[in-house]
Structure formats: C-alpha cells, structure tokens
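In what follows, a single structure is set out as structure tokens and then discussed.
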Amino acid sequence: MSQRAQITPLSGFPEWLPEQRIVEQMLLDRIRRLAELYGFVPLETRAVEPLEHLVHQGETSKEIYTVGRLQDEGATADLGLHFDLTVPLARYVQEFRGRLRFPFKRYQIQKVWRGERPQDGRYREFYQADLDVVGDGELSLHFDAEMPAIMHELLAALPVPTATVLVSNRKVLDGFGRGLGRDDTTGIIRALDKLDKIGADGVRELLCGEVGTTDGEADRWLALAEIRSPDLDFVDAVTALGVSDDLLTRGLDELTTVVAASASLPRGAVVADLHIARGLDYYTGTVFESTIAGHSDLGSICSGGRYDDLASGGGHPLPGVGISVGVSRLLGRFLGGGQLRASRATPTCVLVALVDEGGRGRSAAIARRLRTRGIAAEVFHEPLRFGKQIRHADRRGIPFVWFPARGDDDTDSVRDLRSGTQVPADADAWMPPDADLHPAIESTAAAAP
RNA sequence: GUGGCCGUAGCUCAGUUGGUUAGAGCGCCGCGUUGUGGUCGCGGAGGUCGCGGGUUCGAAUCCCGUCGGUCACCCCA
C-alpha cells in the first residue's frame, strides 16, 4: 500500500474535461427543464440499496457493485450501488407512500453503476435521467400514451440528429405466444430483440436452434417482429397473422391508444415496432425505445415502459410507467466524437486585466460590478504585460478582456477577442451580446443544435 | 466471465532484418514584440518505450508472464 498506485484511466468510468462537463451540464439542464414543464417533481434517492432488494428485482446480480467497509474484513456486503433508477423508485414510493401524492410523477437524474464490460456507448458509471409516473392501485393508460410525446420532445431538445421513438407492448408478444400455445416467451423475446443486429436469418437460426421452435412458428414470430408502422396499420397486420388470444387483443388495444395519442406529432416521429421488448424483465405492458438517425449502432438512448408489478404498498399494487435517458451514452458518442463541444472552456465571460500591483483593488471592483449584473468575470492574477493576459483569455475561450482606465483622464475599455475591436465601457452598464453571456453548445456534423 | 487487437512525449503517431544519443506534428514555455493576443521566425522543456522476467555482445524491436486499454460475445442507457 505504500507504493504509489499508477495513475491510469479506469475503463468504463468516464471523466470529462471542463469544456465537456459544460456540455453535459447543459444537457442535464435541458432534461430537467422539460421534465418540470410536464409537471414532474424532482427526486434524488440514495446511491445504495439493500443488496437483497436489488437482486430480487431482476437484473443479473453479477452487474451489481457491492459496497462494504474496508474495516469489516470478511464481512458479506449487504448494500449494492443501484444499477438503474427504477428499482430505487419502487422502494422509495413504498417507503414514502403515505406522504406522496398519486399519480406520483417524478424526474430523477443520477449516476448509476453496472459492473459490465465497458464498450463503445457502455459504461460502468453513467448518468441516467428518468421520468416516471407511479399510481396508487392503478395507473391510467393516459400516462403510457403521454410518454412518446415527452420522449420526442426530449430528444428534439438535445443536440443530436433526429430521433425516432419506437413503441410496442409486452402483452402483444406474450399474448401472441399464448395464442401459439407458448407460456414462456423470454427466449423468443431475446432472439427477436437481435433482429436489427443479426437480421431475420440470424433470428430464425436462434429460434429454431436455441429456443427450439418449429420452422412454422419461427416464421410467424418473424412476421410479427417485422411489423412496423407509423400509424394504426399494425393492428390489421397482426390480425392477419391469424393468432388470437385475449392478452394479445388487450395488448393491441393498449398499443393503439398509445400510438393514436401521438398522431399530432410529425409522421414517423413515433412508430409502432413489434420487435422491441426491452431486456429488463419487469416490463408488463407498453415498452419504448428510440433510435438516432445515423447512429443505430449506438442502441437506444431513451427507453422505458410500463411495469405493473414492481412495487406494492399496503395491499395495493403501485404500477408505473416511465422512461430513462442515457445521458452518458449520448455524450460518449457525440462529445467523444467531437460533434459536440462548448463554445468556451470556462463560464468566464470577461477577464479583467491587472495593470499593476496597486491596481488589484480597482480590477476587483470592476469584476464585482460585472458579476452583480450576472456577467461572469475574473481578475487576472499577475500584472503581466497585456499581451500575455490577452493570450491567457484567448486560450480559454474567454470572449472579452476588460482594461481598467490608466489614469484620471482615461476610461475603462473592453476588447472583443474575436473581432479585436476595443471600445470604451462602463462596468455598471456594459452588457455582452446574449450569445456570449454563457457558454453555448456548438455542434458539428449531423448533430443539430 | 470468454476471445481478438493494441500499449513509444500532455495528445496523435513514426521508429527498417535487434545496433550506438528514441524522432515528428500538434500542444506547452521563452525570446523577437518590457502595456494589446492570434500570424511568422528562433530557441527550450518534456520519455522508467505499461510493468516484470528471459534470449542476446546489444532489446522500443524477439519470447514468456502480468497489468491496462479497446473491440466482439452476453446484456443493456
């Protein structure tokens, strides 16, 4: 332990530079703003949950990071870091049920941890932004129906290319299975979920091989999985497959409600896509996914669904429906790829030059006056020649340098570093252009601003 | 957890069949220009070649191990 540990990056635990963190914070702010516009209340839960609770609520236990005290040698960990925000929500809602109002709409933006092998777009520590609605006893399908519009707006508010929201319903898959005399559809779902990646032939191989369906059954599953429609045509398409079952009918009805509710959005923004299922096993109805134009390899960066059985309190179920935005996944792609960056690497808008040692008070007063009016300002720390002070500002992307008056017959002046123009200015009145007040997100390539 | 590829300066990389003092570009610092940046010119700092062992007169280069990174599988934001 006395040897100093080597400093290396830790795979899967991304750390950004300040100019990148600026972008990340702005994305988080946009999500927060939109969530509040829809009436979701803010929530944060503790980072750890009882291990038993985490493992019990599905999800491969191997992914969970356990937490223990170094001093408790040999002790078995009984706490784990949460791997999503839905399971903590379920626990929280049960615990605080008596003090919450239902339907409980909350948003929650926090880090989560998964012990999986990191890869492009997959991390071990990452941000999720969740929006969920939990009902007491029951939860109106209204909330399922509202989600695609929220997702659409959320994705449109983020500086990424056009996104498509994909919707389906687990009852359709499960009911279809029942109609075919199959109770357990997990293997089927796992295979269908790979349709995009391995294609119809690959899926057929899985179905007939590992899952053990007949050729005929595989054909029907594939026919179902390939149904994709921006309107209600999917109902006829499913019916045409000749499978009937009550659950299937209910699923189609629910999906119809959800898709119909999105009719006012641009055509194609929300698409019924019957192959999506979501891996997490707590989904029971509506399921959501999303794809970004030109980045289908990235996977879904916003997904979720309906879970009727995740929690219960005092004898009633506490059903919920919600979505989760993979903020880190999005950033990893667009920030790492250089398509997104902040207009400057610091919040500072004005660097106030320091003339000489005796001028510290004057420069500090100028900065204070600017800050009073909401303009981020800092004083250069050393009375170096102005060329160096300007260069310091330039390298950090600070757009303005303020030069205090040199004598009684002189006035302050402010220099715009991009144009090189310098004008007389009063620290109680001067304002930068709106665009320069705060750092902005700049995007290149396919990412829209 | 299993398998493929890769570890040389802060970053991106070059380094011949093993050979003498390991290079380039960018970035950084200084000077030209001592109170007005960006361009240009000149100069400078910066390296346990991931780590450990082996082969050899000699290893960044070959071999073994190990650690780390990365991609794929699994699964998912």
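Heavy-atom basis, side chains included; hydrogens, waters and symmetry copies ignored. Every chain is numbered from 1 and lettered A, B, ... according to where its sequence line falls, protein lines coming before strand lines.
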Quick one: on RNA chain B, does A:Lys194 or A:Arg395 contact a more 5' nucleotide (nearest heavy atom)?
A:Arg395
Applying ring-ring contact (aromatic ring centres under 6.0 Å, His included) to A:Tyr123 and not counting sequence neighbours gives none
Centroid distance below 5.5 Å plus an interplanar angle below 30 degrees: do A:Phe126 and B:A77 meet both conditions?
yes
Let's test your reading of the pairing rules: Watson-Crick or G-U wobble, both distances under 3.5 Å, then write RNA chain B as a dot-bracket string with ( ), [ ], | and dots.
(((((((..((((.....[...)))).(((((.......))))).....(((((..]....))))))))))))....
With heavy atoms under 4.0 Å as the rule, sort A:Lys197 into base, sugar-phosphate or nothing.
base
Taking salt bridge (Lys or Arg N to Asp or Glu O under 4.0 Å) as the cut-off, I'd like each qualifying pair that reaches into residues 345-359 of chain A, sequence neighbours left out, listed once.
A:Glu357-A:Arg360
Has the side chain of A:Arg122 got a donor or acceptor atom sitting under 3.5 Å from an opposite partner on the base of B:A77?
no
Quick one: do the A:Arg91 and A:His53 side chains pair a donor with an acceptor below 3.5 Å?
no
Need one value for A:Val355: base, sugar-phosphate or nothing, where a base atom within 4.0 Å counts as base even if backbone is also close, heavy atoms only.
base
By a strict heavy-atom criterion of less than 4.0 Å, which residues belonging to residues 37-48 of chain A are in contact with RNA chain B?
none
A:Arg33: what forms a side-chain contact (heavy atoms from CB on, under 4.5 Å) with it, not counting sequence neighbours?
A:Asp29, A:Arg30
Report yes or no: is there a donor-acceptor pair, N or O only, under 3.5 Å between the side chain of A:Gln119 and the base of B:U70?
no
Just to be sure I understand the rule, does A:Gly420 reach a base, reach only the sugar-phosphate, or reach nothing, if contact means heavy atoms closer than 4.0 Å?
base
With rounding to the closest Å, how many angstrom separate the P atoms on B:U61 and B:C75?
41 Å
Can you run down the ring-ring contact (aromatic ring centres under 6.0 Å, His included) pairs that involve residues 390-415 of chain A, sequence neighbours left out, and say none if there aren't any?
A:Phe380-A:His392, A:Phe386-A:Phe403, A:Phe400-A:Trp430, A:Trp402-A:Trp430
For A:Val379, enumerate each residue passing the side-chain contact (heavy atoms from CB on, under 4.5 Å) test, keeping only those at least two apart in sequence or located in another chain.
A:Val352, A:Ser363, A:Ala367
With sequence neighbours excluded, what pairs up with A:His82 under the ring-ring contact (aromatic ring centres under 6.0 Å, His included) test?
A:Trp113
Restricting to side-chain contact (heavy atoms from CB on, under 4.5 Å), what partner residues turn up for A:Ala269, sequence neighbours left out?
A:His152, A:Leu265, A:Pro266
Using atom C1' in both nucleotides, what's the gap between B:U8 and B:G50 to the nearest angstrom?
10 Å
Upstream residue (5' side of RNA chain B) when A:Leu206 and A:Gly121 are each assigned their closest nucleotide:
A:Leu206
For atom P, what is the distance between B:C26 and B:C76, given to the nearest Å?
48 Å
Please classify the nucleic acid contact of A:Arg333 as base, sugar-phosphate, or nothing, using heavy-atom distances under 4.0 Å.
nothing
Any side-chain donor-acceptor pair under 3.5 Å between A:Glu442 and A:Ser343?
no
Classify A:Leu298 by what it touches in the nucleic acid, base, sugar-phosphate, or nothing, heavy-atom distance under 4.0 Å.
nothing
With rounding to the closest Å, how many angstrom separate the C1' atoms on B:A59 and B:U17?
14 Å
If you go through the side-chain atoms of A:Arg329, does one of them form a donor-acceptor pair with the base of B:C76 closer than 3.5 Å?
yes
Taking atom C1' in both B:G32 and B:U16, what distance in whole Å separates the two?
40 Å
Taking atom CZ of A:Arg371 as the centre, report whether more than 12 heavy atoms of other residues, nucleotides or ligands fall under 6.0 Å from it.
yes
Between B:U55 and B:A22, how far apart are the two C1' atoms, rounded to whole Å?
22 Å
